[in-house]
Amino acid sequence: MKAQKQDIQDLYFMDSRFKLLDIAAYLDRVDRHDGEADFRHPAFLSAIQAMLNPAEGLTRAQAVHHAFSDHSTEPVESATIQFAYGAVNPEQ
Amino acid sequence: MKYIEPHGHMVSRTTDDYQRIAMAGCEILCEPAFWAGYDRSSPQGFYDYYRQLTDYEPKRAAKFGIKHYTWLCINPKESEDAGFAREVLQIIPEFLDKPNVLGIGEIGLNKNTKNELAIFEEHVALAKEHDLPILIHTPHLEDKLKGTRLIIDSLKNANVDPSRVVIDHAEEHTMPTVLDNGFWAGMTLYPESKCSLARAIDMLELYGMEQVWMNSACDWGISDPLAIVKCGLEMKRRMYDEDIVQKVIYDNPKKFLSKCPNFLQ
Ligand SMILES: [Zn+2]
């Protein structure tokens, strides 16, 4: 790789800063609104923790994927939905 | 910038998109059979779709100097009704000799169900019977890790030559397993929910530039038919030389496609 750390910062710092603020504002937005957040919210918060402290052998990106992933190993009996939520729904 | 689109769903795209990708340097485009955004009501609906993929789309692409190829199957989203899927499977063989058919795909899993897996295995058997390569769709989001593992286990049990299989929509958590098992890995560049340009380049840096391709999917969702060339430009911004960019966006897909009997060198 020819690019150095500062080249990567030049290319991606501003964009990542922008995305980080969007995440912070999203969390504020969920906090501010009425009602109960569903399973996606704790999954999101634990993915942030996983990103900050990735398990041994995982990159930060892999740790985030793992936090959102279904870790069961057997095929399910049948599908009740065709889409994916982005996080494991404990009721599915 | 000369490039190959190895996975684009042009039936959901306008003719203007063909013009744009041709102007951007697309020489070859491969279109896997997929879900149409709704469940088709009869096997006849698939029959007409296969006619579109093997007859009409190649002609539409040729108007812009693009060589169009296709992969045939019933996609996993419509495979949950196994009886229906088997009826569709019966009509596929009559299309396999069409000159633009590369192999069986994109087969795979959607919600990792028993029926999806059974129909996946029947497609794999069909590919083996006709000695054709396979293009695989891995499930999205929370289902990808499990689905990729189930798919790899199933292919190993069927003794499929991994060098003739592309496992597509790979991401950071699945790509190492795909490559370590000898399969090709596809990265789908998508403005949302899949893989960004920057992350695709990260994965090339982390997991190597062999047996990988990039595609735009360019389906009916919010997607970008120009994503591959944009990623080529992003690689240049990250100081990659032209020959490396060409390897990833042209030479690599060409190397895999050359394993398909109908692919013209
Ligand atoms: Zn696709």
Side-chain angles (χ1 to χ4, degrees), chain A residues 1-19 22 26 38-44 46-47 50-51 54-55 57-92, chain B residues 35 37-39 75-82 109-118 120-121 139-151 153-154 170-177 192-193 195-199 201-207 234-241 244:
Chain A
M1 291 180 280
K2 284 188 202 166
Q4 302 289 301
K5 280 186 169 53
Q6 286 191 11
D7 297 317
I8 295 300
Q9 288 179 289
D10 290 345
L11 282 173
Y12 297 114
F13 171 79
M14 202 57 87
D15 182 50
S16 299
R17 182 185 185 279
F18 167 78
K19 288 170 180 163
D22 228 28
Y26 162 70
D38 65 22
F39 62 94
R40 291 172 291 181
H41 197 58
F44 198 93
S46 63
M51 175 184 74
L58 296 183
T59 64
R60 292 180 202 277
Q62 287 176 325
V64 169
H65 279 301
H66 277 251
F68 285 123
S69 291
D70 177 5
H71 289 269
S72 67
T73 55
E74 292 301 314
V76 294
E77 210 50 54
S78 62
T80 49
I81 50 168
Q82 273 190 324
F83 60 92
Y85 289 102
V88 179
N89 183 351
E91 282 168 25
Q92 290 282 334
Chain B
W35 193 53
Y38 63 94
D39 291 349
N75 63 83
K77 265 192 186 180
E78 283 167 284
S79 299
E80 181 61 8
D81 181 345
L109 298 174
N110 179 47
K111 295 305 294 178
N112 300 326
T113 71
K114 288 183 174 173
N115 279 355
E116 288 171 9
L117 194 56
F120 172 77
E121 287 168 354
H140 298 304
L141 304 168
E142 72 269 26
D143 300 314
K144 187 181 296 294
L145 183 68
K146 175 180 176 178
T148 303
R149 287 171 174 165
L150 288 171
I151 285 165
D153 286 347
S154 168
E171 293 187 62
E172 291 88 344
H173 57 325
T174 55
M175 194 152 158
T177 325
E192 53 184 38
S193 84
C195 179
S196 67
L197 308 182
R199 282 173 51 212
I201 302 169
D202 294 337
M203 285 194 263
L204 294 173
E205 292 173 351
L206 286 162
Y207 312 121
E234 188 72 8
M235 286 181 77
K236 289 186 178 176
R237 285 188 350 131
R238 291 214 350 209
M239 301 181 187
Y240 285 93
D241 293 334
I244 305 282

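On a predicted model such as this, the values are computed, not experimentally measured, just so you know. In what follows, every chain begins at residue 1, and chains take the letters A, B, ... in the order their sequences are listed.
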Other residues, nucleotides and ligands only: do more than 12 of their heavy atoms fall within 6.0 Å of CD on Glu77(A)? no
Side chain, backbone, both or neither: which part of Ser78(A) has a heavy atom under 4.5 Å from chain B? both
Glu205(B) bridged to Arg238(B) by N-O distance under 4.0 Å: yes
Among Asn110(B), Leu109(B), Thr174(B), which residue has the highest count of heavy-atom pairs closer than 4.5 Å to chain A? Asn110(B)
Ser72(A) vs Asp70(A), side chain to side chain donor-acceptor pair (under 3.5 Å): CA-CA, chis, key distance, verdict: CA-CA 6 Å; Ser72(A) 67; Asp70(A) 177 5; 2.8 Å; yes
Any side-chain heavy-atom pair from Ile201(B) and Tyr240(B) closer than 4.5 angstrom? yes
Chain B contacts, top residue of Gln62(A), His65(A), Glu74(A), Met1(A) (heavy-atom pairs, under 4.5 Å): His65(A)
Please give me the minimum heavy-atom distance between Glu80(B) and Glu116(B), naming the atom from each residue. OE1-CG, 3.9 Å
At a 4.5 Å cut-off on heavy atoms, which part of Pro176(B) comes close to chain A: side chain, backbone, both, or neither? side chain
Which bit of Asp202(B) comes within less than 4.5 Å of chain A, counting heavy atoms only: side chain, backbone, both or neither? neither
Give a yes or no answer on whether the side chain of Asp15(A) reaches the backbone of Tyr12(A) with a donor-acceptor pair at less than 3.5 Å. no
Greatest number of heavy atom pairs closer than 4.5 Å to chain B - which of Gln82(A), Lys2(A), His71(A): Gln82(A)
Need one label for Ile8(A): side chain, backbone, both or neither, based on atoms under 4.5 Å from any heavy atom in chain B. side chain
Hey, which of His140(B), His173(B), Lys77(B) has the most heavy atom pairs under 4.5 Å with chain A? His173(B)
Under a 4.5 Å heavy-atom cut-off, does chain B meet the side chain of Phe83(A), its backbone, both or neither? backbone
Decide, yes or no, whether a salt bridge links Arg149(B) with Asp153(B) under the criterion of side-chain N to carboxylate O below 4.0 Å. no
Given that the side chain runs from C-beta out, which part of Ala79(A) has a heavy atom under 4.5 Å from chain B: side chain, backbone, both or neither? both
